[in-house]
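Here the structure comes first, spelled out in structure tokens, and everything after it is commentary.
Proteins come first, then strands; the chains are lettered A, B, ... in the order of their sequence lines, and each starts at number 1.
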Protein chains: 2
Amino acid sequence: MSKIKETSTNFANKQALADECPEVYAASIIGGQWTLVICSWLINGKLRFGELKRLLPNITERMLTLQLRKLEENKIVSRTVYAEVPPRVEYELTPIGYEMKSVIKALEKWGEKHKKLE
Amino acid sequence: MSKIKETSTNFANKQALADECPEVYAASIIGGQWTLVICSWLINGKLRFGELKRLLPNITERMLTLQLRKLEENKIVSRTVYAEVPPRVEYELTPIGYEMKSVIKALEKWGEKHKKLE
DNA sequence: GACATTACTTACATTTTTTATAGTACCACA
DNA sequence: TGTGGTACTATAAAAAATGTAAGTAATGTC
């Protein structure tokens, strides 16, 4: 993710759009490349870092970390660290995270319908 | 959009995800920076290129064109050119485009709820 | 003391997306 | 001849997102 340039036009545009349209705001939060899949998995219950990694065979650890951090920042997942060795960290959706279910469902439904058009 | 490199890992990952998850597939179609706003406007009825431009004061003509082209490719909007001078081009959602309404509604609702958490 | 395990972090490279700026074609109308 | 309006296109550059490869800390077990 690296820091985002707060002086860029791009940043201003994104801000303005997210401010005005809740749907764009929502999309900006769940729009990362791996975000939706991660949430889709987590909707079935909490998972450890390594479990997620195994479920998403092509994701790099860096990307997984970045996405989880962003989700955490946005209060969509909670992170619990167990003081063990080797370490154990569990990720779980927050209440608002679980409420994404209706969004995911709507996207799924529309996506399936759209796919049939090809 | 400039051509996308079909040999990149990124491309492969995107493909694989979209293939497996209809929700990710859907997100990949409507996930462009301006896509959702454009569709939100069009859901109220057809609009001309210039009208869209005025509704989205910060978008560049290039971006508007690119997004509309992508939406057209994905059969979400239809493009009607009138052989007049000066030219007139109208954009309208297709049936499947109009069906995005439920997705937009779900995003809106969740977005508003999430925003209150801040 | 070497090794394995887990959940990361860091530095760097590449790819993709978005923005900036300046054109173009068409013809009516002055 | 020149200007105006509309919907674009071309090219370059900046910014953002993603990927690659290597390394770290902690500690129980061999």
Query raised in the report: Between A/Glu84 (CD) and D/dA26 (C1'), how many Å, whole number?
Result: 12 Å
Requested in this report: Whole angstrom is fine here: how far is it from CZ in A/Arg69 over to P in D/dT18?
Outcome: 16 Å
**Report entry** Euclidean distance, atom NZ of residue B/Lys53 to atom C1' of D/dT9 [Å, nearest integer]
**Finding:** 14 Å
Report task. Look at the side chain of B/His114 and the backbone N and O of A/Tyr25, then say whether any donor-acceptor pair between them is shorter than 3.5 Å. Result -> no
Quiz: residues 10-22 of chain A side-chain donor-acceptor pairs under 3.5 angstrom, not counting sequence neighbours:
residue: A/Asn10; atom: OD1; partner: A/Lys14; partner atom: NZ; Å: 3.1
residue: A/Asn10; atom: ND2; partner: B/Gln33; partner atom: OE1; Å: 2.9

Query raised in the report: Taking DNA chain C as the partner, which of residues 17-32 of chain B come within under 4.0 angstrom of it by heavy atom?
Result: none
Report summary line: Heavy-atom nearest pair, B/Thr94 first then B/Lys75, reads OG1-O, 2.7 Å
Query raised in the report: Looking across every strand, which nucleic acid part, if any, lies under 4.0 Å from A/Ser8 by heavy atom: base, sugar-phosphate, or nothing?
Result: sugar-phosphate
Per-pair distances, 0.1 Å, donor-acceptor, side chain in residues 99-109 of chain A, under 3.5 Å, sequence neighbours excluded:
residue: A/Glu99; atom: OE1; partner: B/Lys113; partner atom: NZ; Å: 2.7
residue: A/Ser102; atom: OG; partner: A/Glu99; partner atom: O; Å: 3.3

Query raised in the report: For residues 40-52 of chain A, which residues have at least one heavy atom under 4.0 Å from DNA chain C?
Result: A/Arg48, A/Phe49, A/Gly50
Requested in this report: Take the protein atom CZ of A/Arg88 and the nucleotide atom P of D/dG28, then report the distance between them rounded to whole Å.
Outcome: 16 Å
Query raised in the report: Reckon A/Arg79 has a side-chain N or O less than 4.0 Å from the OP1 or OP2 of C/dA7?
Result: no
Report summary line: Picking from C/dT16, D/dT18, C/dA7, the nucleotide nearest the side-chain atoms of A/Gln67 would be D/dT18
Query raised in the report: Under the 3.5 angstrom rule, does the side chain of B/Thr35 hit a backbone N or O of B/Gly31 as a donor-acceptor pair?
Result: no
Query raised in the report: So how far is it from B/Leu64 CG to B/Leu68 CG, rounded to the nearest 0.5 Å?
Result: 4.5 Å
Requested in this report: Under 4.0 Å between any heavy atoms, over every strand shown, what does A/Tyr91 touch: base, sugar-phosphate, or nothing? Just pick one.
Outcome: sugar-phosphate
Query raised in the report: Nearest-Å distance, CG (A/Leu68) to C1' (C/dT6)?
Result: 14 Å
**Report entry** Nearest-nucleotide comparison on DNA chain D, the residue closer to the 5′ end among B/Glu90 and A/Glu6
**Finding:** B/Glu90
Filtered N/O pairs between nucleotides 19-28 of chain C and protein, under 3.5 Å:
residue: C/dT19; atom: OP1; partner: A/Asn10; partner atom: ND2; Å: 3.4
residue: C/dT19; atom: OP1; partner: A/Asn13; partner atom: ND2; Å: 2.5
residue: C/dT19; atom: OP2; partner: B/Trp34; partner atom: NE1; Å: 3.2
residue: C/dT19; atom: O3'; partner: A/Thr9; partner atom: OG1; Å: 3.4
residue: C/dT19; atom: O4; partner: B/Arg62; partner atom: NE; Å: 2.5
residue: C/dT19; atom: O4; partner: B/Arg62; partner atom: NH2; Å: 3.3
residue: C/dA20; atom: OP1; partner: A/Thr9; partner atom: OG1; Å: 2.5

Query - Least distance between heavy atoms, A/Glu23 atom then B/Ser40 atom - result: OE2-OG, 2.6 Å
Distance-only donor-acceptor hits, side chain of residues 50-58 of chain B, under 3.5 Å, sequence neighbours excluded:
residue: B/Glu51; atom: OE1; partner: B/Arg48; partner atom: N; Å: 2.7
residue: B/Lys53; atom: NZ; partner: B/Glu61; partner atom: OE2; Å: 2.6

Query - Separation of B/Leu71 CG from B/Leu93 CG (nearest 0.5 Å) - result: 8.5 Å
Query raised in the report: How far apart are the closest heavy atoms of B/Trp110 and A/Ala26, and which atoms are they?
Result: CE3-CB, 3.7 Å
Report summary line: Output for pair (A/Ile29 CD1, A/Lys70 NZ), nearest 0.5 Å, gives 7.5 Å
